[in-house]
Number of protein chains: 2
Amino acid sequence: MKTSLKILEKYNLVKTQARLDILDIFTEKSAALSEGEIEDSLCGSCDRATIYRTLNLFTLKGILHEIANGSTIRKYTLKKKPERHLHFECNLCGEIVCLTGISLPDYRLPEGFTEQEAHFLIKGICKACYEA
Amino acid sequence: MKTSLKILEKYNLVKTQARLDILDIFTEKSAALSEGEIEDSLCGSCDRATIYRTLNLFTLKGILHEIANGSTIRKYTLKKKPERHLHFECNLCGEIVCLTGISLPDYRLPEGFTEQEAHFLIKGICKACYEA
DNA sequence: GTTTATGCAAATTCTTTGCAATACT
DNA sequence: AGTATTGCAAAGAATTTGCATAAAC
């Protein structure tokens with residue numbers, strides 16, 4: 001069965017075309033995506049409001065994960081385990097990719113602080129842009 | 001001489017009241033600030049557009065540093081050395097503070113990737129909220 | 001006196017919401 | 001059939017911009 005369908009079933013969500021289409025994009029692309037990029041990929045087959053509502057729903061359910069980037073445009077990726085991993089945002093092309101396979105730096109929070117999520121973002125020049 | 005005045009001189013910027021006032025707030029407060037919070041602090045003595053223009057100018061000049069949080073509201077702090085340090089955002093009160101004094105062991109980026117900035121954001125419950 | 005910054009208002013961009021129409025179970 | 005989702009349009013929030021006025025050098 002298709003991955004996207006499986007995800008909707010796992011989370012007990014109504015299976016609609018919009019949700020399947022949006023999940024398809026995320027399972028195909030490894031980079032983080034914004035609402036606008038999804039809208040472009042779907043070529044108008046799905047309304048902007050629906051995309052926003054779907055992104056919010058998926059984030060709430062834990063299917064997607066919102067990247068802490070320095071911009072006002074929200075970007076999302078499929079949520080992966082382990083939760084704590086590095087993201088790399090290219091200052092030239094703007095792509096945000098997950099750097100899996102890189103061990104995270106270790107740190108200790110001060111007394112009294114409790115960690116719930118960690119967002120590690122490295123900004124710089126990605127391999128593709130460097131070689132271009 | 002006042003710190004704010006020194007900063008403007010160091011960066012060769014025209015010394016205006018708005019810039020001094022905004023810098024004063026940053027030197028007094030340790031938490032990251034948004035345009036809205038600065039506007040409130042200034043009680044209308046400075047226009048919204050001016051605050052935005054000033055924040056952008058200071059960021060461009062390297063006086064301020066934009067925090068990579070996951071929200072649509074931009075927050076800034078005075079730029080400190082070392083550039084790579086942890087920020088902690090409280091999920092209850094929303095405050096973002098710099099966790100200086102926490103050492104970040106090294107990590108290695110994959111071949112071909114060049115680092116220009118690192119943004120490490122831990123989200124959770126801050127000490128003040130935990131104790132309240 | 002010239003250059004640069006500010007204030008105001010309007011425009012842009014990103015995101016959310018109300019509501020009737022449609023799709024899903 | 002009944003509930004949940006979508007599309008449309010309008011509203012909202014954050015940020016930027018044009019232009020005349022005011023402040024800084």
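Proteins come first, then strands; the chains are lettered A, B, ... in the order of their sequence lines, and each starts at number 1. Here the structure is a predicted model, which means the values were calculated and not measured.
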Colleague: Let me confirm one number: the CG-NZ distance from A:N12 to A:K61, rounded to the nearest 0.5 Å.
Modeller: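 The CG atom of A:N12 sits 7.5 Å away from the NZ atom of A:K61.
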Colleague: Start at the 5' end of DNA chain D and walk down; is the nucleotide closest to A:S45 or to B:D47 reached first?
Modeller: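 In this pair, the answer is A:S45.
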Colleague: Using atom CZ of A:R19 as one end and atom P of D:dG7 as the other, report the distance to the nearest whole Å.
Modeller: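 Distance check: A:R19 CZ to D:dG7 P gives 12 Å.
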Colleague: Would you find more than 12 non-hydrogen atoms of other residues, nucleotides or ligands less than 6.0 Å from B:E111 atom CD?
Modeller: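 At most 12 heavy atoms, drawn from other residues, nucleotides or ligands, come within 6.0 Å of this atom.
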Colleague: Check the distance between C:dT4's C1' and B:Q17's CD and give it to me in whole angstrom.
Modeller: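 The distance from CD of B:Q17 to C1' of C:dT4 comes to 16 Å, rounded to the nearest Å.
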Colleague: Both B:E35 and B:K15 contact DNA chain D. Taking the nearest nucleotide for each, which residue is further toward the 5' end?
Modeller: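 Its nucleotide being nearer the 5' end, the pick is B:E35.
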Colleague: Which part of the nucleic acid, if any, lies within contact of A:A18, taking any heavy atom under 4.0 Å across all strands shown: a base, the sugar-phosphate backbone alone, or nothing?
Modeller: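 Sugar-phosphate contact only.
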Colleague: How far does CD of A:Q17 sit from CD1 of A:I22, to the nearest 0.5 angstrom?
Modeller: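 So the gap between those two atoms works out to 10.5 Å.
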Colleague: How about A:H87 and B:H119: are their ring centroids closer than 6.0 Å?
Modeller: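 Aromatic pair excluded; centres sit 6.0 Å or further apart.
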Colleague: Can you measure B:E39 atom CD to D:dT16 atom C1' for me and round it to whole angstrom units?
Modeller: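 That distance rounds to 14 Å.
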Colleague: Closest nucleotide of DNA chain C for B:A49 versus for B:T72: which of these residues is on the 5' side?
Modeller: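 Going by which nucleotide is closer to the 5' end, it is B:A49.
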Colleague: Rounded to the nearest Å, what distance is computed from the CG atom of residue A:L20 to the C1' atom of nucleotide C:dT25?
Modeller: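 Going from CG in A:L20 over to C1' in C:dT25 covers 15 Å.
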Colleague: Select one nucleotide: of C:dT6, C:dT15, D:dT6, the one nearest the side-chain heavy atoms of A:R48.
Modeller: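 It is C:dT15.
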Colleague: By nearest atom, which of the nucleotides D:dC8, D:dA24, C:dG7 is closest to the B:T50 side chain?
Modeller: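 It is C:dG7.
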Colleague: What orientation do A:F88 and B:F113 show, parallel under 30°, tilted 30 to 60°, or perpendicular over 60°?
Modeller: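 The arrangement is perpendicular - the two ring planes meet at more than 60°.
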Colleague: Measure from CG on B:N12 to P on D:dC25 and round the result to the nearest Å.
Modeller: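 Spelled out: CG on B:N12 to P on D:dC25 is 11 Å.
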Colleague: Does the side chain of A:Y52 get closer than 4.0 angstrom to OP1 or OP2 of C:dT16 through an N or O atom?
Modeller: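 For A:Y52, the contact criterion (side-chain N or O under 4.0 Å from OP1 or OP2 of C:dT16) is not met.
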Colleague: Side chain of A:T16: nearest nucleotide among C:dC14, D:dT16, C:dC24?
Modeller: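 Given the options C:dC14, D:dT16, C:dC24, the side chain of A:T16 is closest to C:dC24.
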Colleague: Would you say A:R74 places a side-chain N or O within less than 4.0 Å of OP1 or OP2 belonging to C:dC14?
Modeller: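 The answer is no; no side-chain N or O of A:R74 sits under 4.0 Å from OP1 or OP2.
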Colleague: Given C:dC8, D:dC8, D:dA4, identify the nucleotide with an atom nearest to the side chain of A:R53.
Modeller: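 Given the options C:dC8, D:dC8, D:dA4, the side chain of A:R53 is closest to D:dC8.
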Colleague: How far does CD1 of A:I122 sit from CD1 of A:I96, to the nearest 0.5 angstrom?
Modeller: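 Going from the CD1 atom of A:I122 to the CD1 atom of A:I96 covers 12.5 Å.
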Colleague: Tell me whether the count of non-hydrogen atoms from other residues, nucleotides or ligands lying under 6.0 Å of OH in B:Y11 goes above 12.
Modeller: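 Yes, enclosed.
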Colleague: Of the options D:dT5, D:dA9, C:dG7, whose atoms approach the side-chain atoms of B:C46 most closely?
Modeller: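 Selected nucleotide: C:dG7.
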Colleague: Rounded to whole Å, please give me the gap between CD1 in A:I22 and P in D:dT5.
Modeller: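 That distance rounds to 13 Å.
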Colleague: Given C:dC14, D:dT17, D:dT15, identify the nucleotide with an atom nearest to the side chain of A:I73.
Modeller: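 Shortest atom-to-atom distance from the side chain points to C:dC14.
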Colleague: Do any side-chain nitrogens or oxygens of B:N56 fall under 4.0 Å of OP1 or OP2 in D:dT15?
Modeller: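 Result: no.
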Colleague: Using whole Å, what does the distance between atom P of nucleotide D:dT6 and atom CG of A:L42 come to?
Modeller: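 A:L42 atom CG is separated from D:dT6 atom P by 12 Å.
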Colleague: Work out how much the helix from C:dG1-D:dC25 to C:dT25-D:dA1 bends between its end axes, five pairs an end, to the nearest 10 degrees.
Modeller: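 About 30° separates the two local helix axes.
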Colleague: Using whole Å, report how far CD1 of B:I38 lies from P of C:dT6.
Modeller: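 The answer, rounded to whole Å, is 13 Å.
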Colleague: Dump the intermediate steps for side-chain contact (heavy atoms from CB on, under 4.5 Å) on B:N56 and B:L60, then the final yes or no.
Modeller: CA-CA 6 Å; B:N56 288 340; B:L60 194 68; over 6 Å; no
